[in-house]
Amino acid sequence: MNKLILASNSPRRHELLKGLDLDFEVRVKKGVGEKYPDNLPAEKVPEYISKEKAAAYDIKEDETLLTADTVVILNGEIMGKPKDASEAKDMLRKLSGHTHHVVTGVSITTRKKQVSFSDTTAVTFRDLTDSEIDYYIEHYKPFDKAGAYGVQEWIGYIGVTRIEGSFYNVMGLPVERVYEALKAF
């Protein structure tokens, strides 16, 4: 098998890929944007961005590159990473008491071919109080997370009432699908 390269700074993606007992190297290229066409449907954005990320890398003949992007979608609106505590609070208030979708797009790329796919998970939050939201933001600082939350953190323990689909997808990488795709490669 080719040398596996994970193109991500995400500690959660590192942890999830390690859980597959695969040897991999982390390689992150600076300045890779996450832009997408305005007319692209929200659920197509993560896969599009994963392909764009892959296109930014020069990989060797014996390497396989894994790129991914995760978004939170509520009522057709993409919720990215919050810039600050105020934006995080607004996002969590919107998610409170509702079901949203977490979509991760993945691309597995070699010099000869590319396989891309998306995985979607529905996540339902109970009604969260302002004090719970404030506590979470203050103690967990979720500014590097789409939708301003990590399901594996305190807010997930106390707030998530239902998950339909892959739990690991909500963390940022649908590892079961990645494993199958790598095996098929």
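Keep in mind the model is a prediction, meaning the values are calculated, not measured.
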K.L.:
Within the 3.5 Å criterion, strictly below it, is a donor on Ser166 or Asp119 matched to an acceptor on the partner's side chain?
P.N.:
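No, because no side-chain N or O of Ser166 sits under 3.5 Å from a partner of the opposite role on Asp119.
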
K.L.:
Between Thr104 and Pro46, is any pair of side-chain heavy atoms under 4.5 Å apart?
P.N.:
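Heavy-atom side-chain distance check fails, nothing below 4.5 Å.
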
K.L.:
Under the 6.0 Å and 45° cation-pi test, does Lys44 pair with Tyr36?
P.N.:
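Verdict for Tyr36: no cation-pi partner in Lys44.
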
K.L.:
Under the criterion ring-ring contact (aromatic ring centres under 6.0 Å, His included), which of Tyr140, Tyr136, Phe125 is the partner of Tyr149?
P.N.:
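Of the listed residues Tyr140, Tyr136, Phe125, the ring-ring contact (aromatic ring centres under 6.0 Å, His included) partner of Tyr149 is Phe125.
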
K.L.:
Under 4.5 Å between any side-chain heavy atoms of Val106 and Arg177, yes or no?
P.N.:
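No, too far: nothing below the 4.5 Å cut-off.
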
K.L.:
Using 4.0 Å as the upper bound for N to carboxylate O, is an ion pair formed by Arg111 and Glu63?
P.N.:
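Salt bridge between Glu63 and Arg111, a charged N being under 4.0 Å from a carboxylate O: no.
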
K.L.:
Roughly how far, to the nearest 0.5 Å, is CG of Leu128 from CG of Leu95?
P.N.:
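These two atoms lie 8.5 Å from each other.
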
K.L.:
Which atoms form the tightest heavy-atom contact between Ser8 and Ser10, and what is the distance?
P.N.:
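Shortest heavy-atom separation between Ser8 and Ser10 comes out as OG-N, 3.0 Å.
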
K.L.:
Does Lys183 form a salt bridge (Lys or Arg N to Asp or Glu O under 4.0 Å) with Glu180? I'd like the steps, not just the answer.
P.N.:
CA-CA 5 Å; Lys183 266 183 23 180; Glu180 289 300 319; 3.7 Å; yes

K.L.:
Looking at Lys83, Arg12, Lys81, which one forms a salt bridge (Lys or Arg N to Asp or Glu O under 4.0 Å) with Asp144?
P.N.:
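Of all the options given, the one that passes is Arg12.
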
K.L.:
Can you name the nearest heavy-atom pair linking Glu47 to Ser50, along with the distance?
P.N.:
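Nearest pair, atom of Glu47 first, then Ser50: O-OG, 2.8 Å.
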
K.L.:
With sequence neighbours excluded, give me every salt bridge (Lys or Arg N to Asp or Glu O under 4.0 Å) pair touching residues 96-105.
P.N.:
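Non-adjacent pairs meeting salt bridge (Lys or Arg N to Asp or Glu O under 4.0 Å): zero.
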
K.L.:
So, do Thr120 and Glu43 sit near enough that their side-chain heavy atoms are less than 4.5 Å apart?
P.N.:
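Side chain of Thr120 against side chain of Glu43, heavy atoms only: no contact under 4.5 Å found.
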
K.L.:
For the pair Lys53 (side chain) and Ala7 (backbone), establish whether a donor and an acceptor sit closer than 3.5 Å, ignoring hydrogens and angles.
P.N.:
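No, the answer is negative, given that no donor and acceptor are paired below the 3.5 Å cut-off.
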
K.L.:
Between NZ of Lys51 and CG of Asp69, what distance do you get to the nearest 0.5 Å?
P.N.:
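The NZ atom of Lys51 sits 13.0 Å away from the CG atom of Asp69.
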
K.L.:
To the closest 0.5 Å, what do you measure between OH (Tyr57) and OG1 (Thr67)?
P.N.:
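Rounded to the nearest 0.5 Å, the OH-OG1 separation comes to 8.5 Å.
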
